Student: 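Sharing a structure, written as structure tokens. Questions coming.
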Amino acid sequence: MIEIKDLHKSFGTQRVLKGVNLKIEEGQVTAVVGRSGGGKSVLLKHIVGLIKPDRGSIFIRGQDITKLSGKRLDEIRSQIGVVFQGGALFDSLTVYDNVAFPLVEKGKLKKEEIHKRVIKALSDVGLQGMEYKYPAELSGGMRKRVALARALISEPKIILFDEPTTGLDPILVRTIHKLIRQAHEQYGFTGLIISHEIPEIFEISDKVAMLHDGKIIEVGTPEEFQKSENPYVKNFIMGLEEQEDRL
Amino acid sequence: MKQFLKVIGRGVLSLFLFLGRIFLFLLEIIYITFTTPLKVRNFLRQIRFFGNKSLVVVVFTGAFSGMVLALQGYYALNKFGAEALLGPVVALSLIRELGPVLCALMVTGRAGSAITAEIGIMRITEQIDALTVMAVNPIRYIVVPNILAGFVTFPLLTAIFDLVGIYGGYFVSVYALGLSEGTYFSQMELYVDMEDIKVGLYKSLSFGVIVTWICTFMGYNAKYGARGVSKATTEAVVLSSVVILIWDYMLGALLL
């Protein structure tokens with residue numbers, strides 16, 4: 001479904017991605033874990049064409065999106081939903097309008113149908129009754145749920161989650177993970193989750209990959225990943241600092 | 001010496017890079033304006049935003065500009081015994097020059113800065129990225145409505161500025177300086193013609209585009225958190241103000 005081949009990206013003199021190779025299978029949830037600032041979000045932004053790579057390719061359903069632009073890129077993007085790190089909700093719009101936004105902009109559905117879908121999406125994420133609140137009036141967890149509802153509303157084939165639980169308490173982390181799992185069962189999308197929630201992320205992923213020093217150094221099922229002999233993976237799972245981090 | 005040349009070179013390069021980016025941004029705006037339908041709701045909202053944000057400050061500055069023009073004009077004209085020409089002096093100064101320029105500066109400080117801050121926050125909170133991944137062109141959705149709203153509202157606000165300024169001048173001339181009511185307006189009718197109004201109109205139309213272009217560009221390219229937005233906002237106001245004054249001279253010389 002999504003295949004990333006030899007992806008390189010530098011910002012100035014800083015090399016962030018140094019040849020990422022990763023295959024994300026159709027209908028599965030793949031988690032990419034790794035240290036903060038390791039380029040996970042940069043990787044995600046490449047997949048939706050927000051950043052162009054220096055080298056390498058990303059195939060989505062057989063099309064190399066790094067070579068696309070304009071309408072053809074938009075066609076691919078319309079199959080993808082993204083849940084951004086901070087939610088990226090539009091401040092000037094209510095919860096209802098935020099969730100309805102992708103459908104309103106596409107302009108293919110009638111008002112009544114959009115209304116039905118928005119109400120359902122909000123109830124799926126447990127936010128019924130919050131339709132007319134503004135993002136600034138919501139808690140962090142609620143904002144993430146609205147972002148999830150907005151990503152789900154157009155029933156995309158692929159959903160990318162950029163650290164969907166960052167900054168939330170452990171109970172909310174579980175709640176959001178549960179919502180992702182339920183949504184995945186209901187809609188059957190292909191998911192990519194950028195996260196560093198260990199061990200919670202193992203419960204909702206079919207596959208886990210670790211990005212370290214600009215490369216994917218381990219991929220496997222959660223069980224395989226936890227048994228990895230790679231010292232970086234072991235340290236990451238156990239939360240041990242590496243030599244360069246020692247004070 | 002080598003270090004000095006390095007600094008100069010880097011400055012020149014970044015200036016050209018900036019100019020290249022801001023003009024490419026303008027080209028994209030022009031292309032999108034003429035090839036995609038306008039987001040009418042956003043356009044109307046921005047017209048209201050400009051009017052709402054700027055009307056009070058425009059009325060106040062317009063009134064006091066007219067008043068001070070009358071006061072100083074009277075002082076100068078009195079020396080030549082030409083007080084009767086106070087009306088045309090106030091009107092011509094406002095319509096041709098001060099109205100468009102001061103109004104543009106006021107709107108830049110009031111609404112232009114707000115646009116930059118709003119778009120800058122949208123940039124750093126990934127709202128612009130969210131639009132892009134939803135296949136909604138952010139230039140079409142955010143920038144074009146602002147530019148067109150500037151194009152429409154600047155001349156209207158300038159007209160209000162001129163009108164209030166002329167009446168401010170009238171108030172001072174007639175009630176404080178003792179000029180006759182008829183002289184103030186009749187001389188104005190005699191000396192102010194359509195060409196003068198056109199000059200003011202062309203200036204305000206172009207200021208509307210310049211201010212919104214610069215302010216949206218700065219917001220669109222804001223970086224690195226709250227400090228980045230604050231830097232972008234300050235730069236947008238300073239750059240817009242400088243360009244307004246430069247463009248005013250250039251257009252003034254061209255239309256003289």
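Throughout, a chain's letter reflects where its sequence line sits, starting with A, and its residues are numbered from 1. Bear in mind that the values here come from a model prediction, so they are computed numbers and not experimental data.
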Student: Heavy-atom cut-off 4.5 Å, strictly under: side chain, backbone, both or neither for A:Ile76 against chain B?
Tutor: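 Neither part, no heavy atoms under 4.5 Å.
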Student: List, one per line, each side-chain donor-acceptor pair under 3.5 Å for residues 138-150 of chain B, sequence neighbours excluded.
Tutor:
unit_1: B:Arg140; atom_1: NE; unit_2: B:Pro37; atom_2: O; d: 2.9
unit_1: B:Arg140; atom_1: NH2; unit_2: B:Pro37; atom_2: O; d: 3.1
unit_1: B:Asn146; atom_1: OD1; unit_2: B:Gln46; atom_2: NE2; d: 2.6
unit_1: B:Asn146; atom_1: ND2; unit_2: B:Ile142; atom_2: O; d: 3.0

Student: Atom CZ of residue position A:Phe11 - does it have more than 12 heavy atoms of other residues, nucleotides or ligands inside 6.0 Å?
Tutor: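 Atom CZ in A:Phe11 is crowded, with more than 12 foreign heavy atoms closer than 6.0 Å.
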Student: Answer with side chain, backbone, both or neither: which region of A:Ile80 has an atom nearer than 4.5 Å to a non-hydrogen atom of chain B?
Tutor: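 When you check distances to chain B, only backbone atoms of A:Ile80 fall under 4.5 Å.
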Student: For A:Gln85, is it the side chain, the backbone, both, or neither that has a heavy atom closer than 4.5 Å to a heavy atom of chain B?
Tutor: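 It is both, since atoms from each part get that close.
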Student: Crowded around A:Tyr187 OH? As in, over 12 foreign heavy atoms under 6.0 Å?
Tutor: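 Atom OH in A:Tyr187 is crowded, with more than 12 foreign heavy atoms closer than 6.0 Å.
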Student: Considering only heavy atoms, which portion of A:Lys45 lies under 4.5 Å from any heavy atom of chain B: side chain, backbone, both, or neither?
Tutor: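 A:Lys45 touches chain B through side-chain heavy atoms alone.
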Student: For chain A, which residues from residues 225-244 of chain B lie under 4.5 Å away (heavy-atom distances)?
Tutor: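 Expected list: none.
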Student: Does atom CZ (A:Arg181) have a neighbourhood of more than 12 heavy atoms from anything else shown, all under 6.0 Å?
Tutor: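 Check passes, neighbour count above 12.
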Student: Can you confirm whether B:Phe18 is buried at CZ, in the sense that more than 12 heavy atoms of other residues, nucleotides or ligands lie under 6.0 Å from that atom?
Tutor: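 Count over threshold, so yes.
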Student: Check side chain to side chain contact (heavy atoms under 4.5 Å, CB included) between A:Ala100 and all other residues, then give those that pass, not counting sequence neighbours.
Tutor: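 Residues passing side chain to side chain contact (heavy atoms under 4.5 Å, CB included) with A:Ala100: A:Tyr96, A:Val104, A:Ile114, A:Val118.
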Student: Using non-hydrogen atoms and a limit below 4.5 Å, what part of residues 125-135 of chain B faces chain A?
Tutor: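 Interface residues of residues 125-135 of chain B: B:Thr125, B:Glu126, B:Gln127, B:Asp129, B:Ala130, B:Leu131, B:Thr132, B:Val133, B:Met134, B:Ala135.
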Student: Which one wins on heavy-atom pair count under 4.5 Å against chain B: A:Arg150, A:Glu75, A:Lys106?
Tutor: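 Most pairs with chain B among the choices: A:Arg150.
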Student: Under 6.0 Å from the NZ atom of A:Lys18, do we count more than 12 heavy atoms belonging to anything else shown?
Tutor: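 Correct, the count exceeds 12.
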Student: OH of B:Tyr202: more than 12 outside heavy atoms within 6.0 angstrom?
Tutor: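 For B:Tyr202, atom OH is not crowded (no more than 12 foreign heavy atoms under 6.0 Å).
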